[in-house]
Amino acid sequence: MEERYTPAEIESKWQKLWEDSKTYKVSDDPKKEKFYLLEMFPYPSGKIHIGHVRNYTIGDVVARYKHMKGFNVLHPMGWDAFGMPAENAAIANRTHPAIWTYNNIDTMRRQLKQMGFSYDWDREIATCRPEYYRWEQWLFLKMYENGMAYRKESYVNWCDPCQTVLANEQVEAGMCWRCGKPVRQKKLAQWFFRITDYADDLLVHCDLLPGWPDMVVAMQKNWIGKSAGAEIHFNVENSSEQIVVFTTRQDTVFGATFMCLAPEHPMVQKLSLGTSQEHLVNDFIERISMQDRSSKGIETYEKEGVFTGAWCINPLSGTRMPIYTANFALMGYGTGAVMSVPAHDQRDFDFAKKYGLEIVLVVKPNADLDVATMSEAYPGDGIMVNSGNFNGMQNELALESIADYLEVHRLGKRTVSFRLRDWGISRQRYWGAPIPMIHCDACGIVPVPEKELPVVLPEDADLLVGGLSPLPTLDYFARTTCPKCGSHSARRETDTMDTFVESSWYFQRYCSPDYHDGMFDHKSVDYWMPVDQYIGGVEHAILHLLYSRYYTRVLRDMGLISYKEPFTRLLTQGMVCKETVHCPTHGYLFPEEATEGKDRRCKRCHHSVTIGRVEKMSKSKKNVVDPHILLEKYGADTTRLFCLFASPPERSLEWNEQGVEGSFRFLNRVWRLCAAWMPFVRSAAAFDGAMDDLAPELRGLYKKIHQTIFKVTSDIEDRFHFNTAISAVMELVNMLYGFSVDERSPAITGLFRLAIESVILLLSPVTPHIADEIWSELGNTSIYAASWPIYRPEALLKDMLTVVVQINGKLRSKFSVAADIDDAAIEQIALSDERIKKVIDGKPIKKIVVVQKKLVNIVI
RNA sequence: GCCUGGGUGGCGGAACAGGUAGACGCAAGGGACUUAAAAUCCCUCGGAGCUUAGCUCUGUACGAGUUCGAUUCUCGUCCCAGGCACCA
């Protein structure tokens, strides 16, 4: 065995060997228990970044561990290859989205292979391939048939100069992120998936996901946002029209003094028609449509509204209520109409104060609360007042009584409302999966016949000026014949699908990636699915996971699969962070642009730099580490080791170059230890006897070996706490350094063989290259095929115990005793301890607590 | 505002079921080896104090509480991070 650890040589050697012998290829084997381990597939953005490295290292350790435990492990990798960055890059670099994407995939595949991940590369998929998205189109047709996919008019963020739809995150303070011009709301016909049909089911099953982090479950629940309340009908004065509102506070209906409709509400213009308010209302609607109503913009606008000129009648109090249209009423929630109760809702209170509207108190917590002196709304509980027959009732009871009353008198009914809206999947983009629909002047919307799938995205088209999709202008794509009437003037749908659609089912495709007769081979899916462990960034905690859960239900209800939840266990890893370096003249600096040491300075201007707080790595802050550099300098094993050692996976990881050095040093230590002992242990048999066969001075080591196996196994199995697992191995290695090769004996050699084997086996999921190298030096073949070591429970038993003695809960002394001692004897030893006697100093003992074989607490 | 997490040495982090706080690593300091340096190996390392082989006090954001005993459980406060947010 070489004396020096040379990761560059070892790693490329083993990577080639694994690839040539298809070490990580896996196939369906019903005789073996399966384990499906999946990491969220990456968007091929160029190069892998440190977040990928962390995510995929965590997954790889679990995959390798489960394989060594005897599972048939499915561990695939692929590319979430459609999406806007490809278009942006194409514009910036004057290349083509397809070329850019495929180049990136090649680079990133090579980098992932350099990391030594145990993927079955034969299952690689790229969602931009027609073989993949044809099945997405096929399912779209099925969803269209059963009404799950539908088309409707909907408001979108629209940028006029760019002639394009913007996602909410592309709207910055009401302006287009690209051209900086105002964004307006525009009505467009778009395709939707009816995810709201499953809102309740998705919500209820949140509680049946014990393997998911509580935080993610909570986020999903919030997103779905179910609230129970009532619909109430308000008649419009001098009209046959009715306004329906949704409220969760029907107990306050007697306090409703005005009505607010969303500006887009269909009744707004109708109500103001012909009144003196008409043009004011129209101006208001026009102005509000220019406002950015995405989450970011919303708080910047003041609450405002305009009287429509019409009135409605409160069905319970009989009061006349002015009808307003207001910017805070949202068309997308409830019914788009709000009964405003200023006394008990802060927003309504502010609005009423601004426009001088009446405030009526209907829930009173105590005698002091009075409309005349109220400075804010009272949203809490209390006794009903000003509420007719309901006066004197506790408002929680009135909530039910009034709901009953509404139902009995047909003025409304109990109902639930969800925050979740149907999933709009149309994108006016080029680089996405075409929606397989045809528009015919005569027949309307006609689905593409199944046998004509896939509708292939032309990969050679160029983006138009401003990054617009060329699809509508490409006659050879857009012009087609109507499958129904044969008309030659039919046009294809030129919108493409949201890329979340591809990622909602890819995990199933991995089960049979080359299957040509359907989305997937049922036999394979039945064997592998659901995913046993899913691992990815917490940034996908809501949308990707919710869409995947929804899609899985759609597939199940079509009879294509038999499970409801796609991911049994979920791990969301934390962000990778690093300190920022900021120069007063040059702004953020890359770490290497500043000098080293205590007084760090900008290399260009020699100003002192400020070391900022530790933040998520991002290109804009320049606090990034390129995995490529790490691989060059230390190799994959060190990089993997550090990612796991620095913190537990769900927490954020603070990058620290010296920490990486430490990990590298540890692997060197392991290497030197093995190299030193190799000549002697190579031909020795690992010690296999009982502890009693060993000389007393070797028993400690024997125990340490088994304790380490136990610790590492439970840390990986139960908690994914690789950092403590690695510490345990470090402790064992430290202990082994206490033995000198020069003082070896046959007994030590056998035990050392066991020790070294254990260290290598336990490290192998984390650092597979060095492990395979040393493993082969020991005369073995592939460590991936080896079994995970088993600890001897009897070796964990202690024959001597340390018992702690406390006085009034404070540590005062400790002693060692044989493990089979009883509590009474422990108490006696504690009381006769010299130091304890000194502290007690003859004071009366009130109580003695003995914790079995662990502790004595004497209360004085 | 609401919902999640989190706050432990100079730093990353341990302490898994209330029972020895600070495992393991980094940084720092000291020593050995060396002509020298690197590498390596060994020792020290929360704070304060003292009559310094050791001992005492103090210490897990802050304030209460439960308990023989609290980093761990309960309540309140502050701060940090993430998510949601005119959601009626």
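A:N734 comes within 4.0 angstrom of the backbone, heavy atoms only, and of no base. Heavy atoms of A:P648 sit under 4.0 angstrom from primed sugar atoms or phosphate atoms, though from no base atom. Among the heavy atoms of the strands lying under 4.0 Å from A:N857 is at least one base atom, whether or not backbone atoms are also near. Contact annotation for A:V851: base contact, defined as any heavy-atom pair under 4.0 Å involving a base atom. Residue-level contact check: A:K838 touches neither bases nor backbone, having no heavy atom under 4.0 Å from any strand. A:S652 comes within 4.0 angstrom of the backbone, heavy atoms only, and of no base. Within the nucleic acid shown, A:I542 comes within 4.0 Å of sugar-phosphate atoms alone, with no base atom in reach, counting heavy atoms only. Within 4.0 Å of A:G225, counting heavy atoms only, lies no atom of the nucleic acid at all. Using a 4.0 Å heavy-atom distance criterion, A:K814 is classed as a base contact.
On a pure distance criterion of 3.5 Å, a polar donor-acceptor pair joins the side chain of A:Q806 and the base of B:rG19. Side-chain atoms of A:K303 come within donor-acceptor range of the base of B:rC86, with a qualifying N/O pair under 3.5 Å. Side-chain to base pairing of A:N222 with B:rC84: no donor and acceptor N or O lie closer than 3.5 Å to each other.
Separating the CG atom of A:L543 from the P atom of B:rC84 is a distance of 8 Å, rounded to the nearest angstrom. Atom CG of A:L763 is separated from atom P of B:rC24 by 16 Å (rounded to the nearest Å). The separation between A:E654 atom CD and B:rC80 atom P is 18 Å, rounded to whole Å. Rounding to whole angstrom units, CZ of residue A:F722 and P of B:rA23 are separated by 23 Å. Rounded to a whole Å, the CD atom of A:E731 is 12 Å from the C1' atom of B:rA15. Between the C1' atom of B:rG83 and the CH2 atom of A:W223 lies a distance of 10 Å, rounded to the nearest Å.
The separation of B:rG10 from B:rA48, taken at their P atoms, amounts to 10 Å, rounded to a whole angstrom. One P atom belongs to B:rA28, the other to B:rG6, and the distance between them is 32 Å to the nearest Å. Comparing B:rG1 with B:rC11, their P atoms are spaced 31 Å from each other, to the whole Å. B:rU8 sits 10 Å from B:rA61 when the C1' atoms are compared, rounded to a whole Å. Taking atom C1' in both B:rA38 and B:rC33, the straight-line distance is 13 Å, to the nearest Å. To the nearest whole angstrom, the two P atoms, one in B:rU4 and one in B:rU56, are 45 Å apart. On the P atoms, B:rA27 is 30 Å away from B:rU20, given to the nearest whole Å. Atom P of B:rG9 sits at a distance of 12 Å from the matching atom of B:rG47, rounded to the whole Å.
Counting only residues at least two apart or on different chains, the side chain to side chain donor-acceptor pair (under 3.5 Å) pairs with a member in residues 251-261 of chain A are A:R249-A:D251, A:D251-A:N395. Sequence neighbours left out, the pairs with a member in residues 804-813 of chain A that pass side chain to side chain donor-acceptor pair (under 3.5 Å) are A:S813-A:D833.
Listed pair A:R812 / B:rC57 meets the phosphate criterion, a side-chain N or O lying under 4.0 Å from OP1 or OP2. Distances shorter than 4.0 Å separate none of the side-chain N or O atoms of A:R651 from OP1 or OP2 on B:rG82. At least one side-chain nitrogen or oxygen of A:R672 sits closer than 4.0 Å to the OP1 or OP2 atom of B:rC41.
For the 3.5 Å distance criterion, the side chains of A:N623 and A:T580 fail to qualify, holding no donor opposite an acceptor.
Shown here are the salt bridge (Lys or Arg N to Asp or Glu O under 4.0 Å) partners of A:D715, two or more places apart in sequence or in another chain: A:K711, A:R719. Listed by chain and residue number, nothing satisfies the salt bridge (Lys or Arg N to Asp or Glu O under 4.0 Å) test with A:K616 (two or more places apart in sequence, or in another chain). Residues satisfying the salt bridge (Lys or Arg N to Asp or Glu O under 4.0 Å) criterion with A:K226, sequence neighbours excluded, are A:D200.
Considering only side-chain atoms of A:V859, the nucleotide from B:rC16, B:rC68, B:rG5 that sits closest is B:rC68. Each of B:rG12, B:rU20, B:rA88 was ranked by its minimum atom distance to the side chain of A:V804; first place goes to B:rU20. For A:K810, whose side chain is taken as the heavy atoms from C-beta onward, the closest listed nucleotide among B:rA88, B:rU58, B:rU20 is B:rU58. The side chain of A:R719 lies closest to B:rC16 when the candidates are B:rU20, B:rC16, B:rC87. Candidate nucleotides B:rG25, B:rG83, B:rC87 were compared by shortest atom distance to the side chain of A:R421, and B:rC87 ranks first. Checked against B:rC86, B:rC26, B:rU4, the side chain of A:R665 finds its nearest nucleotide in B:rC26. Distance from the side chain of A:F328 is smallest for B:rC86 among the nucleotides B:rC86, B:rU20, B:rC24. Here the nucleotide nearest the side chain of A:R347, chosen from B:rA14, B:rA27, B:rA88, is B:rA88. Considering only the side chain of A:R835, B:rC55 comes nearest among B:rA27, B:rU20, B:rC55. When distances run from any side-chain atom of A:R419 to the nucleotides B:rC24, B:rC84, B:rG19, the shortest one goes to B:rC84.
In this structure B:rG9 sits in the syn conformation; its chi angle is within 90° of 0.
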Watson-Crick and G-U pairing of RNA chain B, under 3.5 Å, as dot-bracket with | and [ ]: (((((((..(((......[....))).(((((.......))))).(((((...)))))..(((((..]....))))))))))))....
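Results of the side chain to side chain contact (heavy atoms under 4.5 Å, CB included) test with A:F642 over A:Y634, A:F666, A:W655 single out A:W655 as the only residue that passes.
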CA sep, side-chain torsions, deciding dist, call: A:S714, A:Y791, side chain to side chain donor-acceptor pair (under 3.5 Å): CA-CA 11 Å; A:S714 59; A:Y791 65 89; over 6 Å; no
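No cation-pi contact links A:R4 to A:W671, judged by a cut-off of 6.0 Å to the six-membered ring centre and 45° from its axis.
When the shell of 6.0 Å around CD of A:Q242 is examined, it contains more than 12 heavy atoms from other residues, nucleotides or ligands. Annotation for A:K354: atom NZ counts as buried by contact number, over 12 foreign heavy atoms lying within 6.0 Å.
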